[in-house]
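Encoded as C-alpha cells, the structure appears first; notes follow it.
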There are 2 protein chains.
Amino acid sequence: MTDTTSRPRRRVRTTTASATAAPSDPVTLAGKATINDIARLTGVSKKTVSRVINDSPLVHPETREKVLALMKQLGYSPDPQARGLAFRRSFLIGLVYDNPTAQFIVNMQYGALDALRDSGYELVVHPCDSSKEDYIDGVRRFAQQQKLHGVILIPRVSEDEQLATALREIGVRYVRIASIPLDQASNMVVTHDRRAGTEAANYLESLGHRTLGLITGPRRYRSTIERGGGFLAGLAERGIELPPDYMFEGGYTFESGVAGAEYLLAKSPRPTAIFACNDEMAAGVYKAAMRRGLSIPGDLSVVGYDDSPLASQLWPALTTIHSPIRDLGRQAAQMLLANEAAAPAVPRTVTPQLVVRDSSQRPKA
Amino acid sequence: MTDTTSRPRRRVRTTTASATAAPSDPVTLAGKATINDIARLTGVSKKTVSRVINDSPLVHPETREKVLALMKQLGYSPDPQARGLAFRRSFLIGLVYDNPTAQFIVNMQYGALDALRDSGYELVVHPCDSSKEDYIDGVRRFAQQQKLHGVILIPRVSEDEQLATALREIGVRYVRIASIPLDQASNMVVTHDRRAGTEAANYLESLGHRTLGLITGPRRYRSTIERGGGFLAGLAERGIELPPDYMFEGGYTFESGVAGAEYLLAKSPRPTAIFACNDEMAAGVYKAAMRRGLSIPGDLSVVGYDDSPLASQLWPALTTIHSPIRDLGRQAAQMLLANEAAAPAVPRTVTPQLVVRDSSQRPKA
DNA sequence: CTGAAAGCGCTTACAG
DNA sequence: CTGAAAGCGCTTACAG
C-alpha cells in the first residue's frame, strides 16, 4: 500500500487496519521511521532515498524535495549503525590521549565537538597509558573493532611513530597534533611551540632580565624540546647564554614545578625570572617563591605556558603563553571529516601567543 | 570447504586457490574474521557461534571450547555495529553534562571508562547547554539516533526532571548522579553533599570560629542547597546562627569567589572563616584575602569543596571536602552495564570526606 | 535519473 | 544442545 502524496494524511488507527497494513501513520512513525517507510510513503525505491541521504546528484530535484519533506515531517534520520555496517566503517571519531591536564583534554573535546556538531559523527574518548608496552595494541583494537572513521592523536601519543604506523597499517585515518611536522600535511596540525618559547625569551630579555631559569617538561616530550629550545635560542640570539645548571627537567606537574623552583632559587646568583613550560609548574614556582618570602613579580618574574584557567586564578595573575587548544581540536576534527581529496600541501599551523599579566616586570636594579 | 580441525593449518596462499576458495587462512583473516569464518572453520552454525558470543548456556562445553579457541587464534571479536543493528541498540554509553569544571568532567570520564574497560562498550561524550530551551531535544535525538545503551547524567542536567522523563519515554536507560534521591534507586547515585556541608560546619565550629561566611553556588543547583544547607544546619545545631547577609550566592566560578570574599571581608565584624561551596570559589577567596593583606589561615580560615588538584596547588594548601568523582563515574557506568534484574532497593550512596590541609586554624584571640 | 537484488555481520523466532 | 530462514536498516554493484 503506497501513499504517493508528499504529505500523507493522518489516519485514525483502527485495530483491523493497523494489524494488517504496513504502518504509515506519521504519528506512530515519529522518531523510528526507516528508509523503507520513507520509500514506501513517497513512492520511490529505497535506493533513491539512500541517494538523497548521501547527497547524490543523481536524483531529480522534485524527487529529492519530496523525500526530504517527508524525512523532515517524520523526523527521520538514518540509523548510523546500519549505514556503518553497509559502509564498513562507523561514524565515530576517537580521541586518544595519555594523561595531559584536565583542562587540555576538555578543551580538546569541546573543539572536536564544535566541528562534529550536526555532522552525524560522535566523539569517543580513549585515554591510554603510553608507558605500557601494549598500549598500541589497545588503540589498534579500539580503532579496528569500532571501525573508527578517524582518530585524533594529541601529545604525547601523537609523537609516537609506531602508533601512527599501526594506524596506517589498519587503514584508519588520523590527525596528529604536535609541535613539529612529524607526518604528511594531511595528517598534521602543528603548534609552533618553538616560536612561542622564543617570544617568552624576547619578552623577558626586553624587560631587562639577564639571569634566568628554565623549568622544562620531560625530555621525551617533543613540546619540551620546542618550548625550552625556542626559549634558549631566543636568549642566545640576544646574547644571553643560559648555563645548563639554570635548567631543570620537570614533569609538567605542580610538584615538579615546586622542586624546580626550589632548585633554581637556591642558585647564586639567583635568577630574576623563571620560564616554566606549563602553567601547573608555574603555579609550583609561586609556591616555592612564597615559601622563601620572595614576592612575585617584585623579586621574581614568572612566565608559564598554556593559559589554563589556573593562570588567571593565581595571584598575581600569571603571564603565560596562550595555546588555542579548542581551535586545535576543532581543526583536527574538521580535517578528519573533510574530503581526502582536499588534502593541503602545507600542514595546518597554529601559533600560541604571549599573554602578559601581573607576574612579570623589570628586575630590581 | 570446511575445516573441522580446531586448529586450522596455515596455508600458503596461491593465487588460483585464494581467488576461488573462501578464505580460511588464519593469517589473512587476522583482525577481520567474521562470525561466518568462525562457523565455517569450526564446522558449526553461525547461530552456535552467536550463542558462544552471548554466553548462552545452551552450548556443549566442547563446542564452546572449540569456538573460543578459534576466536582467540584469529583475534576475532564480533562487530559491534552488526550486533547493534540486530539487537536494535548500540554498545555506546553517553555522558551528558552541562559545563562543570574540567577536572570534574575528566574524573567522571575516567571513572566511567574504568567500568567500561573490556566490556565492549565505549563512552561517547555529549556536553550540552541546559539553559537553552531545546537542549532536551538535543539529548533525546542523540540518545535515540545512537540507540544508546544508557546515559550518565551529572549535575546539573541530572537534576532536570523533564530530561529524565524524556529519556524514559524513549526507553533509554539512565543513571542520575545527584545530591538527593530524585529517582528510583536503580537510576541513582547519591552524593551526601548535605552531610559533608555539616562536617565543614562542625570542623570550623570546633576550631572556635563563631563569625563565619558562606559562599554558595547558584540557587538553582541542588548541590548548593545541600552543601550550603548542610553547613547552616551544622552551625545551627551547635548554636551558631549565620545571618543572611553573611551568605553570598556565587556561580561556582573563580571570579564569583573573589566577589563573594570581597563582600564578606568588608563586613563588620569580619568573618574569621569562609566556607566556599567549591574549590574554584575558594581560590577566589585567596585572591581577595591577599589583595587585602589578610593572611590565610592567620587572619582567615578557608574551606573549599571538591578536592580538585587546585586545592593542593594553592598556597597554603586548601582544606576541602573530597568528592570521589571517579568513583561516582565508575558506579554509574557499572549500574548501566548491570543486569536490570539486579536493581537495588536503596540508591547507591557516596559520602564526601573532609580533608584538612593548611588553610584553616583556630581564630586569633 | 531510477530500481531490484544481494550483502554488510550479526540476532530473533522458530523448529527440531 | 543445534541450525536454517528471515530480518535489523542501510549500501554496493549492476542494470536499465
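The basis for the numbers below is simple: all heavy atoms, side chains too, and nothing from hydrogens, waters or symmetry mates. Letters go in sequence order (proteins before strands), and every chain restarts at 1.
- Between A:Arg51 and A:Leu58 the shortest heavy-atom distance is CD-O, 3.7 Å.
- In the set C:dA4, C:dC10, D:dT2, the nucleotide with an atom closest to the side chain of A:Lys47 is C:dA4.
- With distances taken from any side-chain atom of A:Pro78 to the nucleotides C:dC1, D:dC10, C:dC10, the minimum falls on D:dC10.
- Counting heavy atoms from C-beta on, the side chains of B:Leu92 and A:Glu122 never come closer than 4.5 Å.
- Distance, B:Ile35 CD1 to C:dC8 P: 13 Å, rounded to whole Å.
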- prompt: So what is the 5' to 3' dot-bracket string for DNA chain D, if pairs are Watson-Crick or G-U wobble with both distances under 3.5 Å, crossing pairs use [ ] and | means the partner sits on another strand?
  reply: |||.||||||||.|||
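- No donor-acceptor contact under 3.5 Å links the side chain of B:Arg88 to the base of D:dG9.
- Rounded to whole Å, the distance from CG on A:Asp37 to C1' on D:dC10 is 13 Å.
- Contact between the side-chain N/O atoms of A:Asn36 and the OP1/OP2 oxygens of D:dC10 is not found at any separation under 4.0 Å.
- Residue order along DNA chain C, read from the 5' end via each residue's closest nucleotide, puts A:Pro57 first among A:Pro57 and A:Phe87.
- The ring-ring contact (aromatic ring centres under 6.0 Å, His included) test applied to A:Phe142 returns A:His126, not counting sequence neighbours.
- Remark: B:Arg89 is positioned above the aromatic ring of B:Phe87, its terminal NZ or CZ atom under 6.0 angstrom from the ring centre and at most 45 degrees off the axis.
- Side-chain N/O atoms of A:Thr63 include one lying less than 4.0 angstrom from OP1 or OP2 on C:dT2.
- The two residues A:Gly120 and B:Gln146 come nearest to each other via the heavy atoms O-NE2, 4.4 Å.
- At whole-Å resolution of the value, CD1 in B:Ile38 and C1' in C:dG9 are 12 Å apart.
- Of the candidates D:dC8, D:dT2, D:dT11, D:dT2 carries the atom nearest the B:Leu58 side chain, counting heavy atoms from C-beta on.
- The listed nucleotides are D:dT11, D:dC8, D:dG3; the one nearest the side chain of B:Val44 is D:dG3.
- If you measure from atom CG of A:Leu85 to atom P of C:dA6, you get 18 Å, rounded to the nearest angstrom.
- Shown here are the side chain to side chain donor-acceptor pair (under 3.5 Å) partners of A:Tyr135, two or more places apart in sequence or in another chain: A:Asp160.
- Side chain of A:Asp79 to main chain of A:Gln81: a donor-acceptor pair is present (N/O by atom type, distance under 3.5 Å, no hydrogens or angles).
- Atom CD of B:Gln81 and atom C1' of D:dT11 are 13 Å apart (whole Å).
- Taking atom CG of residue B:Asp79 and atom C1' of nucleotide D:dT11, one finds them 15 Å apart after rounding to whole Å.
- In this structure, CZ of B:Phe91 is placed 16 Å from P of C:dG9, rounded to the nearest angstrom.
- B:Arg89 has its CZ atom 13 Å from the C1' atom of C:dC10, to the nearest Å.
- Look at B:Ser45 and you'll find a side-chain N or O under 4.0 angstrom from OP1 or OP2 of D:dG3.
- Taking the side chain of B:Pro61 as heavy atoms from C-beta on, and the options D:dC1, C:dC10, D:dT11, the nearest nucleotide is D:dC1.
- Dashed line: the shortest gap from a side-chain N or O of A:Ser50 to OP1 or OP2 of D:dC10 is not under 4.0 Å.
- With 3.5 Å as the limit, one finds no donor-acceptor pair spanning the side chains of A:Tyr76 and A:Asp37.
- Comparing B:Thr48 and B:Lys147 along DNA chain D, the residue whose closest nucleotide (by nearest heavy atom) sits nearer the 5' end is B:Thr48.
- When each of B:Ala82 and B:Val59 is assigned the nucleotide of DNA chain D bearing its nearest heavy atom, the one mapping closer to the 5' terminus is B:Val59.
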